[in-house]
Amino acid sequence: MEIFAQQLVNGLVLGSIYALVALGYTMVYGILGLINFAHGDITMIGALVSLTAVQLLAAAGVPAPVVLVLAGGAAMVVCVALGVSIERVAYRPLRHAPRLAPLITAIGISILLQYSAALIWGKQYIAMPEIVEPTRIVIAGAQLTSLQATIFLLACAIMAGLLWFLKASRMGRAMRATEQNPAVAGLMGVNTNKVIAFTFVLGSAIGAIAGLMVVLYYGLGHYFMGFMLGLKAFTAAVLGGIGNVAGAVLGGLLLGVIESLASGYIGDLTGGVLGSNYRDIFAFLVLVLVLVLKPSGLMGQHSGDRA
Amino acid sequence: MHTLRQISVALLTVALIAGCGKDTPPPAPKAATPAVPAVLNVKIGSASPLTGPQAHIGIDIRNGVQLAIDDANAANIEIGGAKARFELVAEDDEANPTKATTVAQKLADAKVAAVVGHFNSGASIPASKIYSDAGIPQISPSSTNPKYTQQGFKTTFRVVAHDDQQGPTLARFAAKTLQAKSVAVIDDSTAYGQGLADAFENTAKTLGVKVLAREHTTDKDTDFRAILTKIKGTKPDLVMFGGIDPQAAPMIRQMKELGIKAKFIGGDGMQTPNFIKIAGDASDGAMASIPGLPKEQMPGGNAFLEKYKAKFEKEVELFAPMGYDAVMVFIDAMKRAGSADPAKFLPELGKTDYQGVIGPIAFDEKGDLKNGPITIYVVKGGKWEPLETVKPDADAGRK
């Protein structure tokens, strides 16, 4: 039981990071019908920018909470600028092109970002200075560090805030309108270009925070770290029903928990034939099952077929 | 458009002419001066990961090779009466077995006389077939998987102790010195990690240490909380990891976060400054074995470390001295054979009896280093400190 609780905690924290990144995928997909494959790498840039900021600031003797806020801020500024310019330069000109064109462009941007990061930060693992001393909390026999708790709570707050924002604010309403039908939304006086750009602002800013969380959580960063993270987050978005914001949250948390439980129990379940290095089989098996039974994902209402 | 095409045609023509101009002259002077003893150009290949998560270790090896080549060139070595000029051909295998074979073919096509590499066992093993087919002798500075020299190739050598020596040494250390009664074993699913963990597990069992869990991760992962949580439930005295620092460091951090009190031990892949840098305070007390003597205790150690630092402005990571010695062993064999032709100096390589930076180097019939010592280190106050040095021979006698 104690172990199960611990695995659940592990999975929820990991899942909340997946969910944050998945939000970026799902919002852009909802509005543009575009799978923004560069989003995982925007998160990576956010991670590395915040890592560098922490290194510089911690060396200068700035107190830890200030360091974190500044590092997160720096990462958000860089990621938002990057996200908006990618949209402006790479995706907007292709908005009415056949849907394969922006997809391939997104993959191209993803590779471009990875190798730019490799040029700037090098191709080695970069160590994150330990700036927060982890204090341990015990809940139902599960060890929880203060960092894990902060990551989870902050992620939940961001997700709740986003849901509220989409529902209650003027911009949120404009975003939902654009999602339903950009042409009609335009006729109703919604500046769709602005709305789409804002979607990228939101997604990238949330991605930047997820990036900071990842480097804090694992203590290292790497130019290729966005690839697997992006893939998992994308899977989470599809699992929850791509285009649906609440679905991305659910999908992310679920994927994290499945992964964690699978690594914990796969060896016992298969009698030692499969080790925990095969845990992704479980995550993707669940994805396949969900898609077979409910092709639009757990919370998806309609499968978007707009380009 | 029209002008653009004209310009490009013009450029192409210029390029072609320039190319021709470059190609034609050299043969003439060469043919004209046969009497002067020719300079013998010897290409030495170096293959290791220069990019990717293991780049710091791979670059370290290449730097060691570079240093040896510079020293050899400065010493004006003569081979068979001709003045030898050594040249480095460094290739990046990205720690990827597939890329390693491409790199091996590239080095064979470049007609290198000898190869220092690769770093990873998983890369050295597939590449060794290509070198063997091309007749190019290969010394791995670091690959410790036993299979590497067990394939029956005459061209494979290594200047480190292998896992059949390292794994059992670790297990004996765990059982005797640490008095561990139970252990959990994790590997990173690579030829190196799994080989080391297997060898450790087998010996540990024979010594009466209980193996409570055997887990696998990958060499790309950074989240081990699920595995560690499972291991925590079995309450082992010791956690042994077969793998390298980008995994070992987050692993020990996560162990501490989960409140696992077991000691942590691993192989040479995690005995790096990077491990301590990434793991931070959590690294304190972690132990790792490393084939060979401590850097500082190597017969040529301190001089080498200073020379390396002066040239590359950083500390030796791990295998630079082995890379350096590998080149020197090649040159030594070439000098004795009086030729840089692999077919001629390869038989001499087997008879090597060389005093290198790392100590005396001699090979057994398989190409393994004879009598390679193994040292166990512990992290103390943010530094790897040697704890105990074990000679496999002496150890076998003690058993």
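Letters A, B, ... are given to chains in the order of the sequence lines, protein chains preceding strands, and every chain is numbered from 1. Source: prediction; values computed, not measured.
- Both the backbone and the side chain of Asp281(B) come within contact range of chain A, each with at least one heavy atom under 4.5 Å from a heavy atom of that chain.
- For the 3.5 Å distance criterion, the side chains of Gln6(A) and Asn10(A) qualify, holding a donor opposite an acceptor.
- Between the side chain of Thr144(B) and the main chain of Tyr192(B), no donor-acceptor pair closer than 3.5 Å is present.
- Counting heavy atoms of neighbouring residues, nucleotides and ligands inside a 6.0 Å radius, atom CD of Glu313(B) does not exceed 12 of them.
- For the 3.5 Å distance criterion, the side chains of Gln66(B) and Asn63(B) fail to qualify, holding no donor opposite an acceptor.
- Using a 4.5 Å cut-off between heavy atoms, Lys277(B) contacts chain A through both its backbone and its side chain.
- Residue contact with chain A, scored on non-hydrogen atoms closer than 4.5 Å, involves the backbone and the side chain of Thr229(B) alike.
- For chain A, the option among Ile227(B), Asp221(B), Thr218(B) with the highest count of heavy-atom pairs below 4.5 Å is Asp221(B).
- The choice from Pro53(B), Ala282(B), Ala279(B), Gly280(B) that makes the most heavy-atom pairs within less than 4.5 Å of chain A is Pro53(B).
- One finds a salt bridge joining Asp187(B) and Arg214(B) here, because a Lys/Arg side-chain nitrogen approaches an Asp/Glu carboxylate oxygen to under 4.0 Å.
- Neither the backbone nor the side chain of Gln54(B) comes within contact range of chain A; no heavy atom of the residue lies under 4.5 Å from a heavy atom of that chain.
- Only the side chain of Leu14(A) comes within less than 4.5 Å of a heavy atom of chain B; its backbone N, CA, C and O stay farther away.
- Taking Phe264(B) as the reference, nothing meets the ring-ring contact (aromatic ring centres under 6.0 Å, His included) condition, with sequence neighbours excluded.
- Checking side-chain atoms of Gln271(B) against main-chain N and O of Ala288(B) turns up no donor-acceptor pair under 3.5 Å.
- Taking each heavy atom of Asp268(B) and Ser142(B) in turn, the nearest pair found is OD2-O, 4.3 Å.
- Contact count versus chain A (heavy atoms, under 4.5 Å) is highest, among Ala55(B), Pro49(B), Pro246(B), for Pro246(B).
- In this structure a side-chain-to-backbone donor-acceptor pair under 3.5 Å is missing from Glu215(B) to Ile186(B).
- Residues Asp223(B) and Tyr218(A) have side chains that bring a donor and an acceptor to within less than 3.5 angstrom of each other.
- Within the structure, the salt bridge (Lys or Arg N to Asp or Glu O under 4.0 Å) test picks out no pair touching residues 234-254 of chain B (sequence neighbours left out).
- Of the possible donor and acceptor atoms, one in the side chain of His39(A) sits under 3.5 Å from a partner among the backbone N and O of Val21(A).
- Interface remark: Ala213(B) contributes no atoms to any contact with chain A (heavy atom separation under 4.5 Å).
- Looking at Ile59(B), only its side chain comes within 4.5 Å of chain A, counting heavy atoms on both sides.
- Of the listed residues Leu258(B), Asp188(B), Leu228(B), the one with more heavy-atom pairs under 4.5 angstrom with chain A than any other is Leu258(B).
- Under the 30°/60° scheme for interplanar angles, the aromatic rings of Phe312(B) and Tyr308(B) are found to be tilted.
- The contact list for residues 258-265 of chain A toward chain B, using heavy atoms and a distance under 4.5 Å, reads Ser260(A), Ser263(A), Gly264(A) by residue number.
- Residue-level contacts of residues 117-130 of chain A with chain B, in order of numbering, are Lys123(A), Gln124(A), Tyr125(A), Ala127(A), Met128(A), Glu130(A); threshold 4.5 Å between heavy atoms.
- Interface summary for chain A: among Pro250(B), Gly233(B), Gly259(B), the most heavy-atom pairs under 4.5 angstrom belong to Gly259(B).
- Environment of NZ in Lys263(B): sparse, with no more than 12 heavy atoms of neighbouring residues, nucleotides or ligands closer than 6.0 Å.
- In this structure, the side chain of Thr101(B) does not engage the main chain of Ala127(B) through any donor-acceptor pair within 3.5 Å.
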